[in-house]
Trainee: 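Here it is, the structure in full.
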Amino acid sequence: MREEAPEFSHDGFHCVSPIELDSKSLGCQTTTIVGEKIFVVGGPDDGEGSCLSVRVFDKSTGKWSVPTILGTKPLPCKGHSAVLLNNDRILILKQDALPDDCTWFLEVDSPFVRDQKKILETEVVAWSKGVKGDGLKPVVISGPSGVGKGTLISKLMNEFPHTFGFSVSHTTRAPRKKEKHGVHYHFTDQITMEKDIREGKFLESAQVHGNLYGTSIEAVEAVTDSGKRCILDIDVQGARSVKASLLDVMSIFICPPSYEDLEKRLRARGTETEEQVQKRLRNATAELEQGKSSGLFDHILVNDDLETCYQNLKTILGLNESSDASNQTSMEGVECSTFQSLTEKNQKVLIHYNSNSLESKTLFVLDVSSLKGGAPGRTRGLSVYAINPFTYSTKGILGNNKEINC
Ligand SMILES: Nc1ncnc2c1ncn2[C@@H]1O[C@H](COP(=O)(O)OP(=O)(O)OP(=O)(O)O)[C@@H](O)[C@H]1O
Ligand SMILES: Nc1nc2c(ncn2[C@@H]2O[C@H](COP(=O)(O)O)[C@@H](O)[C@H]2O)c(=O)[nH]1
């Protein structure tokens, strides 16, 4: 899988072609060929570990480029191994990483990356962290202003602080008295936010009641990276965009018992001027029509009595009264410090160890046949199991395999 490519030079960073690299002297670097392109991950070791940088060599043009990198980047590591999966993503297994931080995917031609390439008109790759099991879908909670979305979400977060994490949106509206930057919203300005949207940093964005609001990819990833189930409080336009995106979510629409109740709640909250209240109420009519009729939402709840609505929300989310089981998904059991290389065949990746005494080692197989999700967000559906090296032969599991070494 290694091929010759000319010298790469970018911003003063100088690197020889992949074929000439010596991983011992230059630090860990892998090359992976995907069609006409060669993806080089990692670079010379600067003493603090490889930063898993990415460069691309296009064989058809003979040119190197540094792609736009989306998603949350993995922390530096001492080394890594790489193997191409499905011709659209590279599995990166980090060495010396914590168990829940060792499996990453660099998407190079996934549907999300292809979409972003069209939008950004440049070479794009996207990082997505791998998690064991299916995880739970992020939850979109939508409904007209004043219906009680924030109140219900606060109750949920207070009762289940280890289970749920709030996706902190960006907005150009001014903060209310008790609102904190980075907690309730990332308060920003129109120019900065529009630039970030153009650069593909947002999962969705919409003009709502005269201001710009949006969910950044990072906001969702920050929650999923902490092992919690992500909650998004967004308007109906945002819910529609998220549904059209590749993020697989559960969506819930909250209705008021009546338009009059909605008006009373909005006024009683006392956070908006009369003009803003009028605007929000005008928009509520259309939002209620769309929310109830379009089949956009998986569930519709009426927030009449708060406690009843909250209990119904908990039922939808599969929570029983006393549980706060964290949905932490990790790669516990997989020892990330000593493996040397990966071998892939039939959607199964065998992790080879750098050890002479296999007697004392268990081998692990990473089953990637049921991957779900991916950038923007985590790649779920990984399954890991141990095999006894004496009972199974590598050929038996993997057949004639291909191998990529660090
Ligand atoms: N079931 C309910 N009965 C009566 N009042 C309620 C109920 N639910 C919420 N409220 C009150 O209604 C007001 C609006 O609620 P909240 O701020 O949670 O709405 P929201 O949907 O998050 O609004 P926005 O979209 O503008 O952020 C608050 O003062 C809240 O205390
Ligand atoms: N499309 C999006 N809508 C959002 C986002 N964050 C909040 N919202 C919605 O805006 C209104 C008004 O909120 P307020 O805090 O000013 O009262 C409300 O319906 C929210 O659900 C977002 O990121 N994207």
Side-chain angles (χ1 to χ4, degrees), residues 54 65-73 106-129 137-145 149-150 165-176 179-225 230-249 251 276 279-280 283 286-287 290-291 296 373-378:
V54 183
S65 65
V66 174
T68 298
I69 301 174
L70 302 176
T72 307
K73 284 180 203 160
L106 182 70
E107 298 189 7
V108 295
D109 196 32
S110 63
F112 172 68
V113 164
R114 284 201 295 271
D115 283 354
Q116 294 297 320
K117 275 183 192 170
K118 274 188 216 144
I119 296 167
L120 301 173
E121 296 180 345
T122 181
E123 185 69 55
V124 174
V125 295
W127 283 109
S128 170
K129 191 173 183 172
K137 293 177 183 180
V139 184
V140 165
I141 298 196
S142 199
S145 178
K149 303 181 293 296
F166 187 60
S167 157
V168 180
S169 293
H170 282 62
T171 182
T172 58
R173 92 153 156 70
R176 292 175 188 142
E179 285 179 334
K180 288 198 185 116
H181 180 74
V183 176
H184 299 96
Y185 280 104
H186 298 289
F187 295 99
T188 182
D189 59 85
Q190 188 91 12
I191 292 173
T192 312
M193 194 159 163
E194 282 176 352
K195 180 175 167 282
D196 287 348
I197 292 169
R198 277 198 304 277
E199 287 175 1
K201 292 184 183 166
F202 280 81
L203 179 64
E204 64 78 32
S205 62
Q207 199 74 31
V208 189
H209 317 312
N211 286 296
L212 189 53
Y213 292 76
T215 309
S216 70
I217 292 166
E218 205 181 330
V220 176
E221 288 192 342
V223 177
T224 40
D225 282 357
C230 186
I231 299 193
L232 292 82
D233 174 347
I234 57 177
D235 85 321
V236 176
Q237 305 169 75
R240 186 170 290 114
S241 303
V242 169
K243 192 167 184 189
S245 81
L246 294 155
L247 189 69
D248 195 12
V249 296
S251 59
Q276 284 162 352
K279 188 181 261 180
R280 285 174 182 238
N283 292 339
E287 285 177 301
Q290 290 172 35
L296 181 60
R378 290 191 167 194

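These numbers come from a predicted model, not from an experiment. All values below come from the heavy atoms of this structure, side chains included, with hydrogens, waters and symmetry mates left out.
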Trainee: Test side-chain contact (heavy atoms from CB on, under 4.5 Å) on Q276 and R173; report intermediate values, then the result.
Mentor: CA-CA 12 Å; Q276 284 162 352; R173 92 153 156 70; over 6 Å; no
Trainee: With a 4.5 Å heavy-atom cut-off, do D196 and S216 have their side chains touching?
Mentor: no
Trainee: I need the minimum non-hydrogen distance between S251 and L296, along with the two atoms involved.
Mentor: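 That closest heavy-atom pairing would be OG-O, 3.4 Å.
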Trainee: Are the side chain of E107 and the backbone of A126 linked by a donor-acceptor contact shorter than 3.5 Å?
Mentor: no
Trainee: At what distance, to the nearest 0.5 angstrom, does CG of L203 lie from OG of S167?
Mentor: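 Result: 8.0 Å between the selected atoms.
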Trainee: Roughly how far apart are R198 CZ and I119 CD1, rounded to 0.5 Å?
Mentor: 13.0 Å
Trainee: Counting only heavy atoms not in E287, do more than 12 sit closer than 6.0 Å to its CD atom?
Mentor: yes
Trainee: Apply side-chain contact (heavy atoms from CB on, under 4.5 Å) to the pair D233 and F166, showing each step before the final yes or no.
Mentor: CA-CA 8 Å; D233 174 347; F166 187 60; 3.8 Å; yes
Trainee: Minimum heavy-atom separation for Q116 to G200, with atom names?
Mentor: OE1-CA, 3.8 Å
Trainee: I need the S142 OG to R240 CZ distance, nearest 0.5 Å.
Mentor: 9.5 Å
Trainee: Look at atom NZ of K279 and say whether more than 12 heavy atoms of other residues, nucleotides or ligands are closer to it than 6.0 Å.
Mentor: no
Trainee: Return the minimal non-hydrogen interatomic distance between E179 and H184, and the atom names on each side.
Mentor: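 For E179 and H184, the tightest heavy-atom pair comes out as CA-ND1, 3.4 Å.
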Trainee: Below 4.5 Å, heavy atoms only, C-beta onward: do E204 and S245 meet side chain to side chain?
Mentor: no
Trainee: Testing V108, D115, T68 for side-chain contact (heavy atoms from CB on, under 4.5 Å) with V124, which one passes?
Mentor: T68
Trainee: side-chain contact (heavy atoms from CB on, under 4.5 Å) for T215 and V242? Distances and angles first, verdict last.
Mentor: CA-CA 9 Å; T215 309; V242 169; 5.6 Å; no
Trainee: Sub-3.5 Å donor-acceptor pair from the side chain of E221 to the main-chain atoms of T72, do we have one?
Mentor: yes
Trainee: Taking the side chain from K201 and the backbone from L70, do they hold a donor-acceptor pair closer than 3.5 Å?
Mentor: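 The answer is no, because no donor-acceptor pair under 3.5 Å joins these two groups.
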Trainee: Any non-hydrogen side-chain atom of P138 less than 4.5 Å from a side-chain atom of L232?
Mentor: yes
Trainee: Take L212 and Q190 through the test side-chain contact (heavy atoms from CB on, under 4.5 Å) and record every step on the way to the result.
Mentor: CA-CA 7 Å; L212 189 53; Q190 188 91 12; 4.0 Å; yes
Trainee: Mind telling me whether H186 and H170 have parallel, tilted or perpendicular rings, with 30° and 60° as the class edges?
Mentor: tilted
Trainee: Between the side chain of R114 and the main-chain N/O of D109, is any donor-acceptor distance below 3.5 Å?
Mentor: yes
Trainee: Under 30°, 30 to 60°, or over 60°: which ring-plane class applies to H181 and F187, parallel, tilted or perpendicular?
Mentor: tilted
Trainee: Quick one: does N283's side chain get under 4.5 Å of H209's, heavy atoms only?
Mentor: yes
